[in-house]
Amino acid sequence: MATPVKAPGHVAAPGKGGVGDSPLRPDGTLKVAGEFAYASDLWMDGMLWGATLRSPHARARILSIDISAALAHPGVHAVLTHEDVPGKKHYGLDLTEDQPVLAIGEVRHQGEPIALVAADHPETARRAMEKIAIEWEVLEPVTDPRKVIADPEKYKVQRLGGITRHQPVRVGDVDAARERAEVVVSGEYEVGIQDQAFLGPEAGLAAPSEDGGLDMYVSTQWMHWDLKQIAPCLGLPEDRIHMTMAGVGGAFGGREDLSMQIHAGMLALHTGKPVKMSYNRYESFFGHVHRHPAQMRYEYGATRDGRIVYADVEIILDGGAYTSSTLNVTGNAASLGVGPYVIPNIRIDAYGVYTNNPPCGAMRGFGAVQACFAYESMMDKLAEACGITPVQVRQRNAISQGDKLATGQIVDAPAPLAEMLARAEAMPLPPPADQSDIRNLPGGASQTTHGEGVVRGVGYGVGLKNICFSEGFDDYSTARVRLEVIGGEPTALVHTAAAEVGQGLVTLKAQIARTELGVQKVTIAPADNQVGSAGSSSASRQSYMTGGAVKAACEAVRAELFRLAGWRLGREFDDLSLVGGKVVSRSEGVLASIEEILGDKVIEETREFHHHPTQRMHPVTGQGNSHTQLGLCVHRAVVDVDVELGLVKVVELAAVQDVGKIMNLLSLEGQIHGGTAQGLGLAVMEEIVVTNGLVRNPSFTDYLIPTILDMPPMRLDILENPDPKAPYGLRGAGEPPTLSSTPAVVAAIRDATGKALTRVPVRPEHIVS
């Protein structure tokens, strides 16, 4: 008999597949085999296909629209414009309802939706869409965010631009510190527009329901927040829209904003038939937001030994035509603008700006990525000016337990950064490339070099990322857990609205249920809005928030099970535990199995989990405990560069990351690898190229993302320093690697070439010019 080790209510032996194990993903084989049902695979008998007519202009007035030819096209069931929106004509992600369902009188970015078509075949819908005649007055677009900063009032006229948010941060006296500084370095940095580049296009299906509402099957990151925007625009109460999560083919922030949801709903209500919409890759580039491009100016002053005494920073984020999440992205960039370093005097001005460039919003790293590239570039510049190593300058300024961030928030329980840097530096370096095989060299099999002109470089990057939502948002998640006996075996059913977007949450929820209830058989119910909100699958928050909710619901189920055990056995117990599916008393041993206690009864509990409160940043000083949790990652990059042609091969990436508690090692390693790959992409290849507001490369032929041939081997050193406020002490892990990998790769290229490299992605002309 196993002996319980804690009481009351402890699961002494969670069994196989619990927290800390690495059970395989239940959807993994299906996805690898191409058998998983994504949103683009949805089908319903009698359904129509929807298509969206989009603006070819970055800014223009619509003088007239003629839909008659499209409506007369054989097989067409509906052609709709803004006049057909049944409810509110605007919506918005952050309750800033500035985005029209369909363009009203003018368009403010290329790809803005103008009209909808429903037809009995997708090609029919597209051909009919081409027959919609529009008379345009093309206007000069606003594309330079610095011009908006210089004269914001000018660009507020008719919503052509203006400042979305200006968030200052003020600490100490920068001007006085400048007079005392012994070393001063400065730089101007730029980050291009990065796309989330998820492989599953925007897709979904809306079908009229028997109660006069809609059944919607959508690919999203936050079902309940979608609902808050969809219902008013469709003129329906929220309880008449029944939402179920469709298969999501990746997200990375790009599915926080609505895409086809309201449009499909409009067409379904208008036609009385199910309507499916699925974007092709070209349309997908216009159907979701992207990472904010940034222009940044930094100045640091320091002592001769490299200790920073002041930072003077300006960060300008181009949010494009509509607000989306620019308010919060700007807050993140401001609060994390100087990273994980102790700086006594700070002046930061972060701006989010409207333009007629592509709309930008959430993407993995959420404002912290842009700032990280700049402040880490500055650390390398400061190290060079002071004659010390890149690791030394970071260690001398590194935050540790009890230090303050730029916002005055006390650093709470991350691993010591100085130690993490030492561990990264101590990792073995890869051997020199075997030049007898040209695939090991920059340019690979293209035979651009046989070793001549190839120089190796090593660089470091550190990223500090907030986990969960910030600035006073009441961030919570809901979980319902049901325990019953099915087929003679105790079985748990876990029901949440949390979006599985590829991060492995379905696996983790089952692990938590096994750990807390001591059962092996766990079923995860499909995510829908028949249970309370789980919040967004973003901000590295679902393990923390939905994991916390599932844990709390399981604890409530367990408490009820123990109460039932006491009633069935005719006595009170205060020392019960679960061991291998048995209820055990510390004093009396095994009392009964779960199935014996439950019989034909069902225990079901629903719980909400809220993290500890946060605060809005002060509008003038930027001070406040604005973040829930912080995550740190350190990268070391090794690159080989053909300095004559500007070609780069990333040879190795090593990462040291504090995750608080390893919940599932296999999934965690995948998150670190994946985040690192996106950071590598931003460093050397990924950019949406925009000229005068128009996208020049909306395809995966011309927008390049790393493949398996671009991603190098990785060394991982994963630390566990538990956060006492978090479930199991875990620390969100998906985003920090995306921050630190980009500056590490660029630093390594600098080390090899001696070039300043102030813009990402780094292109060959930046190296050879």
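Position 1 is the first residue of the sequence; numbering continues from there. Bear in mind that the values here come from a model prediction, so they are computed numbers and not experimental data.
Side-chain N/O atoms of Gln409 and Asn625 include no donor and acceptor closer than 3.5 Å. Looking only at atom types and distance, the side chain of Ser536 has a donor-acceptor partner in the side chain of Glu256 under 3.5 Å away. Between the side chains of Asn664 and Gln511, at least one donor N or O lies within less than 3.5 Å of an accepting N or O. With hydrogens and angles left out, the side-chain atoms of Thr628 and His612 include no donor and acceptor closer than 3.5 Å. With hydrogens and angles left out, the side-chain atoms of Asp215 and Ser209 include no donor and acceptor closer than 3.5 Å.
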* To do: Would you please test Thr491 and Val522 for side chain to side chain contact (heavy atoms under 4.5 Å, CB included) and show each step?
  => CA-CA 6 Å; Thr491 302; Val522 179; over 6 Å; no

* Asked: Which is it for Leu214 and His242 under the side chain to side chain contact (heavy atoms under 4.5 Å, CB included) test, yes or no, and what are the steps along the way?
  -> CA-CA 6 Å; Leu214 286 173; His242 319 289; over 6 Å; no

* Asked: Is there a ring-ring contact (aromatic ring centres under 6.0 Å, His included) between Phe469 and Trp222 once you walk through the steps?
  -> CA-CA 13 Å; Phe469 288 170; Trp222 192 353; 5.6 Å; yes

* **Chi angles and distances behind the side chain to side chain contact (heavy atoms under 4.5 Å, CB included) call for Gln629, Lys725** => CA-CA 9 Å; Gln629 189 188 65; Lys725 297 178 181 178; over 6 Å; no

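Residues Ile410 and Lys404 meet the side-chain proximity criterion, which asks for heavy atoms closer than 4.5 Å. Using a 4.5 Å cut-off on side-chain heavy atoms (C-beta onward), Gln221 and Val501 make contact.
For the pair Lys551 and Phe609, the cation does not sit on the ring face, since its NZ or CZ is not both under 6.0 Å from the ring centre and inside 45° of the axis. A cation-pi contact, defined as under 6.0 Å to the ring centre and within 45° of the axis, links Lys31 to Phe36.
Atom CD1 of Ile262 sits about 6.0 Å away from atom CG of Leu234, to the nearest 0.5 Å. Thr496 contributes atom OG1, which lies 12.5 Å from atom CE of Met545 (distance to the nearest 0.5 angstrom). Here the OG atom belonging to Ser585 is positioned 10.5 Å from the CZ atom belonging to Phe562, to the nearest 0.5 angstrom.
What you find for Val519 and Arg514 is that their closest heavy atoms are O-CG, 3.2 Å. Nearest approach of Pro490 to Ile594, heavy atoms of both residues: CB-CG2, 3.7 Å. Residues Leu42 and Tyr217 share a closest heavy-atom pair of CD1-O, 3.7 Å. Of all heavy-atom pairs spanning Gln623 and Gly408, the tightest one is OE1-N, 3.2 Å. Across all non-hydrogen atoms, the minimal contact from Ile467 to Ser540 is CG2-O, 3.3 Å. Thr244 and Met223 get closest at one heavy-atom pair: C-CE, 4.2 Å.
Between Glu595 and Lys582 there is no salt bridge, since none of the side-chain N atoms of the basic residue sits less than 4.0 Å from a carboxylate O of the acidic one. Ion pairing of Arg25 with Asp27 is present here, as a side-chain N (NZ or NE/NH1/NH2) and a carboxylate O approach within less than 4.0 Å. Between Asp658 and Arg731 there is a salt bridge, since at least one side-chain N of the basic residue sits less than 4.0 Å from a carboxylate O of the acidic one. In summary, Glu605 and Arg607 engage in a salt bridge, as defined by a charged side-chain N under 4.0 Å from a carboxylate O. One finds a salt bridge joining Glu484 and Arg482 here, because a Lys/Arg side-chain nitrogen approaches an Asp/Glu carboxylate oxygen to under 4.0 Å.
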Please tabulate, one pair per line, all N/O donor-acceptor pairs under 3.5 Å involving side-chain atoms of residues 667-679, not counting sequence neighbours.
unit_1: Thr676; atom_1: OG1; unit_2: His635; atom_2: NE2; d: 2.9
unit_1: Thr676; atom_1: OG1; unit_2: Ile672; atom_2: O; d: 2.6
unit_1: Gln678; atom_1: OE1; unit_2: Arg364; atom_2: NH1; d: 3.0

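The only option from Met427, Arg715, Glu419 that meets the side-chain contact (heavy atoms from CB on, under 4.5 Å) definition with Val656 turns out to be Met427.
Note: Tyr544 and His611 have perpendicular aromatic rings, judged against thresholds of 30 and 60 degrees for the angle between ring planes.
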